[in-house]
Amino acid sequence: METKILSGITVANSFYNDVLSRITHLQKHELNPGLAAILVGDDPASKIYVQNKVRKFQSLGMHSKVYQLESNISENELLDIIESINKDPKFHGILVQLPLPKHIDNQKVIYAIDPKKDVDGFHPENIGLLSVGNPRFIPCTPKGIMHLIDFYQIDLSGKHMVVVGRSNIVGRPMSMLASLKSFGNTTVTLCHSGTKDLSSFTKEADILVAATGMPEYFDESFVKAGSIVIDVGITRLDPPRNDIYLVGDVNQDTVMGKVSAITPVPGGVGPMTIAMLVENTVLSAEMVLNS
Ligand code: GUN
């Protein structure tokens, strides 16, 4: 079987083409969608992620600012900065890049973000709205995955999606979103590190979403023939292997020819996450315009 490559780069570029008219419309009303990105410490991977996000905003003519903060900043200082951005009308979105240093309570920080500017969709108000089927800001990675599947006209309705990984960033919101009638209408199984005999679940999946951070863990013995594989993981190989620097959670060489479609790493889910951050920030500015 030929395995189709689901390119996040292609889909994200198509999205950027479409979103430009919405940005122009907002700008005509003196509303330039703006993102405040908070980066605490100097973890190299987080730095690159934030840079990539902000560069995309700049290339679309949108406002953005990076708050690069020292790793030893106190929790209270960070909360004060968030509070000032909450009040600043130039910013429609606030992103606190995770993970945060150990001395800072993630939950306190996420709860401090104005839910109407929470373009990551991590605040419990937004997770709650998603869980009752009335989403405001949907977390960017699950939203991007659904957008990608939609672009390639893959019909999910009635299919069985197996999500591996229960993080608040990807796995859990993915499972909620895909089961909504208005989004995926799929039957969802959520697996995690406590799941016994994991492959007995993944082999039943019509769509497998691998979001564990375990590099190249899922080989051909985990997938059903003809299924669709969404590879969310991204791990840097050090040292690189034959010029391969980044790998996903899926051992992609071994599943090629067995599955019907797969997202590459890089160039699959990653570009979609950034595109949906743009979409959520535009949406936030549109909510201000229409309020
Ligand atoms: N860390 C890993 N993924 C994400 C994300 O989507 N948003 C934020 N804020 N931090 C992350």
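The chain is numbered in sequence order, starting from 1. These numbers were taken from a predicted model, which means no experiment stands behind them. For ligands, and for the atoms within them, numbers begin at 1 and follow the listed sequence.
The closest approach between a heavy atom of Tyr49 and any atom of ligand 1 is not below 4.0 Å.
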### Check against side-chain hydrogen bond (donor to acceptor under 3.5 Å, both in side chains), Lys47 and Gln97
CA-CA 9 Å; Lys47 250 186 172 163; Gln97 187 65 30; over 6 Å; no
### Message
Between Ile127 and Asn168, is the side-chain contact (heavy atoms from CB on, under 4.5 Å) condition met? List the steps.
### Response
CA-CA 9 Å; Ile127 291 289; Asn168 290 336; 5.9 Å; no
### Phe91 vs His63, ring-ring contact (aromatic ring centres under 6.0 Å, His included): CA-CA, chis, key distance, verdict
CA-CA 8 Å; Phe91 295 114; His63 178 54; 5.2 Å; yes
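Looking only at heavy atoms of the protein, atom 11 (C) of ligand 1 is closest to Gln97 NE2, 3.4 Å. At the top of the distance list for atom 3 (N) of ligand 1, counting protein heavy atoms only, stands Ile169 CG2, 4.0 Å. If you check which protein heavy atom lies closest to atom 10 (N) of ligand 1, you get Leu98 N, 3.1 Å.
For Asp120, a nitrogen or oxygen atom sits less than 3.5 Å from a nitrogen or oxygen atom of ligand 1, counting backbone and side chain alike. Taking distance alone, with nitrogen or oxygen atoms compared against 3.5 Å, Leu95 stays at or beyond that limit from ligand 1.
A salt bridge (Lys or Arg N to Asp or Glu O under 4.0 Å) check over residues 7-28, counting only residues at least two apart or in different chains, returns the pairs Arg22-Glu279, Arg22-Glu286.
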Just distance, no hydrogens or angles: give the donor-acceptor pairs under 3.5 Å from side chains in residues 217-233, sequence neighbours left out.
unit_1, atom_1, unit_2, atom_2, d
Asp219, OD1, Ser221, N, 2.9
Asp219, OD1, Ser221, OG, 2.6
Glu220, OE1, Thr254, OG1, 3.4
Lys224, NZ, Asp206, OD1, 2.8
Ser227, OG, Lys224, O, 2.7
Asp231, OD1, Asp249, N, 2.7
Asp231, OD1, Val250, N, 3.4
Asp231, OD2, Val250, N, 3.3
Asp231, OD2, Gln252, NE2, 3.0

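Between Lys90 and Asp88 there is a salt bridge, with a side-chain nitrogen of the basic residue lying less than 4.0 Å from a carboxylate oxygen of the acidic one.
Using a 4.0 Å cut-off to heavy atoms of Val96, the atoms of ligand 1 that qualify are 8 (C), 9 (N).
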